[in-house]
J.: 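Input: one structure, supplied below.
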2 protein chains.
Amino acid sequence: MDILLLRTFLSVAETESFSASAQEMHCVQSNITSRIRRLEAHLGQPVFERGRGGARITEFGQLLRQHAEDLLPRFDAAERDLLDAAGISAPLRLGAMETTAAARLPSILKALKQLCPTAPISLRTGPTGELLSLLWNRKIDTAFVASPIDENRFHSVPAFREHLVLARSAANNQTGPLLAFRSGCSYRATAESWLRSDGKSDTEIIEMGTFEGILGCVEAGMGFAIAPESAIRTYHGVGSLNLTALPAPYASVETHLTWRIDHKPSHAHQALCHLVGENLAESS
Amino acid sequence: MDILLLRTFLSVAETESFSASAQEMHCVQSNITSRIRRLEAHLGQPVFERGRGGARITEFGQLLRQHAEDLLPRFDAAERDLLDAAGISAPLRLGAMETTAAARLPSILKALKQLCPTAPISLRTGPTGELLSLLWNRKIDTAFVASPIDENRFHSVPAFREHLVLARSAANNQTGPLLAFRSGCSYRATAESWLRSDGKSDTEIIEMGTFEGILGCVEAGMGFAIAPESAIRTYHGVGSLNLTALPAPYASVETHLTWRIDHKPSHAHQALCHLVGENLAESS
DNA sequence: ATCCATATATCAAAAATAGAGATAGAAAAA
DNA sequence: TTTTTCTATCTCTATTTTTGATATATGGAT
C-alpha cells in the first residue's frame, strides 16, 4: 500500500471524480484510474462505484477513508517536521482577509522574508469563515482571521487591533446600500449586527468581490462600506472618502493569527508569530 | 518519502548495519545503500554515519526514527485491518511455549484452520519472556504465555490450566540435576522457586534446547524435569517416566492467550480467542 | 432519436525507478 | 600483511509508472 495510492484515493473521495482528482494531483486521468485500480487490486475490494455522476465511495471505501484520513495528515506532519528540522523550510501557506492582506501584510511579509529567506510563502485571501475552513482542511497552515476563535479547534495569537469605520463618499454624503464582501466576512457580520441594533435592518446589501471595488463604488457615491481604518488608508482614493468611527461595541475588532490545534508550527510559522507579537507590542 | 524507505531506515537503525538490514529486508545490500541515500537526498541530511563498525544513527536520524516508529506501526495496523475487512486474512503470527505447542496446539490449530481456511498461520516457539518481547516488538500477533501478564501492556484471555508435575525416570528414581529450558521459561522459574522453598536451592541446573531432549535425558536417568502434565503425556516414552504432582502453590499454572494492548485482533485472531474460550469452558 | 458533454477504461510507447550482481575501496581484525 | 567485513558504485535488466490518444458509457438537450 503505497502512500501515493492513499493520497490519490482521498483526492478522489473528496472530489467524487477521477478527472477532478487528476487535476488536483497534477497528472492525467488515466493515472488516477490506474492507481485506484492498483489500490483495489491490493485490497481485494472496490473502493469506488463508478457511474454516471462520477465516483461514489463504497462501504469498504469508507473504512479505507477513515484510515487514510488518520494516516496521511500524520505522514505529512512528520515530513514537514523533518524537512523543517533539516533546514529545508516547508512552504508556509498563509491565509488572510483581504483587508489584512492590503493593510498589514506587506510590512510583515517583508520582515518574514528577511528572517526566513528560504521559506516559500504563499498567500490565499478570503473571508474569515472560508479561511477557517481552509485551516481545518489543512489547505493552509495559518491565517489571519477575526476573533473570536474556537479554542477547541485552533490555536491563535493576537495580531492586530482594527478600528472599524464607516466609509462614505465625501462629495455625496448620503447613506445608500451597504457594499460588502460575500458572506463569511466577519466585518460584514459586524456591520449587519450594528445596522440591526441601529434599527436599520432593512438596509440593502450589495455583495462585491474585491475591496478595491467596494471602495471605488463608495467613492462614486453608490453606498457606504464598513472596513478597518488601516485597510481604507491604503486605498489610493482615500482622500475623497468620509470616514466615521463606529459606535463602541462594534468599533474595535481583533485580528488573530490562527492555526489548527494539532498543527506543529514550522520555523517560518514561529517567526511569523514573533513578528506579529512584536508588531502588536509596539503599536499598543 | 516512500514507506519502503522508512521501513528500510528502521531496519538499518535497529540492526545498525546495511548488510544485516539487507538480509532482514530480503534484498541485496546495494539496495539498502540506494534507499538510505534516497531518503537522505529527500530530507537533505544524512541519517546514518557510516564507518568502521557499521551504521550509527545521526542526531537527525533520531528525529526520523521517532516519526518512523510512530508511523509505520499505524500503517501496518491500518493495512491489516483493511485486508481483514476485505476478507483477505492477514497472516496470523502465533507464538507459544514449546510445551503448549506440543500438548495444546495441534487440536486448536486444526479447529482454527477449519474456521479460517484462508488465514496463513505461522508459529514461533520460545519461553514466555521471549514471546512477550516478540509481541511487544510486533514480530508476532498473539502468543500463549504463562500468567501473570502485565495488563498495562497486554490484553489476554485465559487459555489452559496446566498441572505441573515432576518427571523422573521410572527405572532409576533418584533425583539429579534439574533439566530445564534456557532462562525466560516460566516453568523453569516456577521450578526454581519451588526448589528454593524446599531448601534445594543448590540443585544443579542443566539447560537444554528442546522439550524432547529434556524428557529423553530424564528417561535415561540423567536428572529430573518439571513440566505441564499435558505436555509430558505427548512424549512417546511417557510410560517409562515417573510423574509426581508438585505441591500446592506451584502445581497449577495458567496459560493465557496474549496480545499487545494496542493491537486490533484480526478475524483469525478473534476466532482463536473463541476457540480457547470454548476449550477452557468444556475442560473445567 | 441524435448529438453533445462529461465520465471512466483501455492500450501502447516512453520514461522513470528499483532490483540484482559484480566489484571497488576502506577499515578493523587476525 | 593478509583476511575479513563493511559500505559505495556501476551496469544491466526487469518492473512500474506516466503519458497521451482513444474507446466506451451515460444522462441531458435539441
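Note that the coordinates shown come from a computational prediction; the quantities given were computed from them, not determined experimentally. So you know, we letter chains A, B, ... as the sequences are listed, proteins then strands, and number each from 1.
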J.: Kindly determine whether B:Ser21 and B:Thr15 satisfy side-chain hydrogen bond (donor to acceptor under 3.5 Å, both in side chains), including the steps that lead there.
T.: CA-CA 6 Å; B:Ser21 165; B:Thr15 60; 5.1 Å; no
J.: Under the 3.5 angstrom rule, does the side chain of A:Arg124 hit a backbone N or O of A:Ile140 as a donor-acceptor pair?
T.: no
J.: Using a heavy-atom cut-off of 4.0 Å to chain B, what are the terminal contacting nucleotides of DNA chain C, in 5' to 3' order?
T.: C:dA18 to C:dA28
J.: With under 30° as parallel and over 60° as perpendicular, where do the rings of B:His269 and B:Trp259 fit, or are they tilted in between?
T.: perpendicular
J.: Going 5' to 3' on DNA chain D, which nucleotide is the first and which the last to come under 4.0 Å of a heavy atom in chain B?
T.: D:dC6 to D:dT9
J.: For B:Lys113, does the NZ atom have more than 12 heavy-atom neighbours from other residues, nucleotides or ligands under 6.0 Å away?
T.: yes
J.: Keeping the roles fixed (side chain from A:Gln270, backbone from A:Pro265), state whether a donor-acceptor pair exists under 3.5 Å.
T.: yes
J.: Indicate yes or no: at least one non-hydrogen side-chain atom of A:Ile88 is less than 4.5 angstrom from one of B:Leu43.
T.: no
J.: Return yes if some donor-acceptor pair links the side-chain N/O of B:Asp84 with the main-chain N/O of B:Ser266 below 3.5 Å, else return no.
T.: no
J.: Hey, can you pull the residues of residues 26-37 of chain A with a non-hydrogen atom under 4.0 angstrom from DNA chain C?
T.: A:Gln29, A:Ser30, A:Thr33, A:Arg37
J.: I'd like to know if the side chain of B:Thr58 reaches the main chain of B:Pro46, judged simply by a donor and an acceptor atom lying under 3.5 Å from each other, with no hydrogens or angles considered.
T.: yes
J.: Would you say CD of A:Gln23 has more than 12 non-hydrogen atoms from neighbouring residues, nucleotides or ligands within 6.0 angstrom?
T.: no
J.: With side chains defined as the heavy atoms from C-beta onward, is the minimum distance between A:Cys116 and A:His267 less than 4.5 Å?
T.: no
